[in-house]
Protein chains: 2
Amino acid sequence: MTAKRPYHHGNLKPVLLRAAIRLIAEVGPAAFTMREVARRAGISHNAPYRHLQDKDALLAAVATEGFERLAKALSKPIMETHTAASATEARGVAEERPALRRFKASGLAYVRFALRSPEHLLVMFDWPLPLNRYPDLEAAAARAFSILVGLVQEAQREGSLPEGDAIVLARIAWSLVHGVAKLAIGKRLALESEAELMNSTTRALDILYVGMARWR
Amino acid sequence: MTAKRPYHHGNLKPVLLRAAIRLIAEVGPAAFTMREVARRAGISHNAPYRHLQDKDALLAAVATEGFERLAKALSKPIMETHTAASATEARGVAEERPALRRFKASGLAYVRFALRSPEHLLVMFDWPLPLNRYPDLEAAAARAFSILVGLVQEAQREGSLPEGDAIVLARIAWSLVHGVAKLAIGKRLALESEAELMNSTTRALDILYVGMARWR
DNA sequence: ACCTGAACACCGTTCAAGT
DNA sequence: ACCTGAACACCGTTCAAGT
């Protein structure tokens, strides 16, 4: 226990990232401290400053990683049972074309990502990081959003969504799933299980799609 | 400047609340400290503990006040120019009945509240307060949500929204406006002015309404 | 190159002592 | 009753000194 700590050599940064995420998950970002991160990484309290400018830089790295994972989750929208239970499907209406399915699935993927990585979402959106000081973070966030815009455009080409500014439609969809995700994480939706939340999200996305398709 | 501080007598709590909100608005909840609140209130750093159990209790009071103000904002949805520009209106379709107007207006009011009091919204939704330990807060939050549910029910009685669980519809609407509000506060929507945001929100609410009305 | 321990100016919270 | 100053165990960050 009083064993002398060996020097930690090699890439400390990923180790710090993992420790940071686990710590935020446990105590929340408010109680999150650099010294505790260092303790968990088994290094002295100021070693992180060799690799990161400061606490914000560590959180910016967490946020950047979060946007990269989100982008991956959004672009791999594998259809699941929840989506199969989608209303138009249930009625046997064969109008749900592939791009529209992917668009809706990405919405579900957003919420699922948020549930699995609430600590990431929190740092990504609710930690007041000066975005312009972290270009990597800004770029990762832009990439994630552009995937959603691309899905809207595909659905437009397919004829599932109306012509018009894809960015506007993407922002509305993003707002909906972001709201669902944030409220769900904060336990404000009074939904029991993840399955129930996914069903509810599917319904919300169906409503949004119907509204987008008919609205003029 | 070295003048001896007179004792502060009377109700310190409201003074602390005002100071707390101003401080959070300036530095964010992460950098928010009890000692600085006390400094701004012109009292010694530990005086607040005579009135509040701890830092969380002060933030819980801020959140409670926020929900009370939100409830007020939602129940006084005065129609404004943005809503008047709503699509159905623009086309002269006279189908927008009063309860539906109030429902949409409350959505706009939610976003407007968020823009005017971002610090309240942040504490209300993103500070990990153990809700069950602050019954006043929990009750205020429930009251605010119930107003939205009531608006949905009125719109259902009026025939503007389909029959069915009002709570489910209210949750979906809440998610949308909450997402818009959070993303707007975080400057993630790339919208220039408040007017632009209100127009965009109006469009989103129109889409949601159309989707709700037609979805089955 | 990378890490450490001591140091500084902070925090949240408590408590005996003052008015 | 209400407030204060000193105290304790923390934090973020820096820096000279070690391997």
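Per chain, numbering begins at 1; letters A, B, ... match sequence-line order. Note that these values count all heavy atoms, side chains included, but never hydrogens, waters or copies made by symmetry.
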Could you pull out the protein-nucleic contacts involving nucleotides 6-9 of chain C (nitrogen or oxygen on both sides, under 3.5 Å)?
unit_1: C:dA6; atom_1: N6; unit_2: A:H45; atom_2: NE2; d: 3.1

Check for a donor-acceptor pair, side chain of [X] on one end and backbone N or O of [Y] on the other, with a separation under 3.5 Å.
X: B:S117; Y: B:A114; answer: no
X: B:S200; Y: B:E196; answer: no
X: A:Q156; Y: A:G164; answer: yes
X: B:E65; Y: B:A61; answer: no

More than 12 non-hydrogen atoms from neighbouring residues, nucleotides or ligands closer than 6.0 Å to CD on B:E26, yes or no? yes
To the nearest Å, how far apart are [X] [atom1] and [N] [atom2]?
X: B:R39; N: C:dG12; atom1: CZ; atom2: C1'; answer: 12 Å
X: B:I43; N: C:dG18; atom1: CD1; atom2: P; answer: 21 Å
X: B:D56; N: C:dG12; atom1: CG; atom2: P; answer: 12 Å
X: B:E36; N: C:dC10; atom1: CD; atom2: P; answer: 11 Å
X: A:L16; N: C:dC2; atom1: CG; atom2: P; answer: 13 Å
X: A:L58; N: D:dC11; atom1: CG; atom2: P; answer: 15 Å
X: B:Y49; N: C:dC11; atom1: OH; atom2: P; answer: 11 Å
X: A:Q53; N: D:dT13; atom1: CD; atom2: P; answer: 10 Å

pair_partner(D:dA7), Watson-Crick or wobble, both distances < 3.5 Å, evaluates to C:dT13
Let's test this: given Watson-Crick or G-U wobble pairing with both distances under 3.5 Å, identify the partner of D:dT19. C:dA1
Which of the following nucleotides, C:dT4, C:dG12, D:dC3, is nearest to the side chain of B:L12? D:dC3
As a test of reading the structure: which of C:dC11, C:dT4, D:dT13 is closest to the side chain of A:S44, going by heavy atoms? C:dT4
Qualifying residues under side-chain contact (heavy atoms from CB on, under 4.5 Å), relative to B:P29, sequence neighbours excluded: B:I24, B:L122, B:W127
Start at the 5' end of DNA chain C and walk down; is the nucleotide closest to B:D54 or to A:A47 reached first? A:A47
Contacts of B:M34 and A:R50 projected onto DNA chain C by closest heavy atom; the upstream (5') one is A:R50
Test ring pair (Phe, Tyr, Trp, His ring centres under 6.0 Å) on A:F67 and A:F125; report intermediate values, then the result. CA-CA 10 Å; A:F67 278 111; A:F125 290 102; 5.4 Å; yes
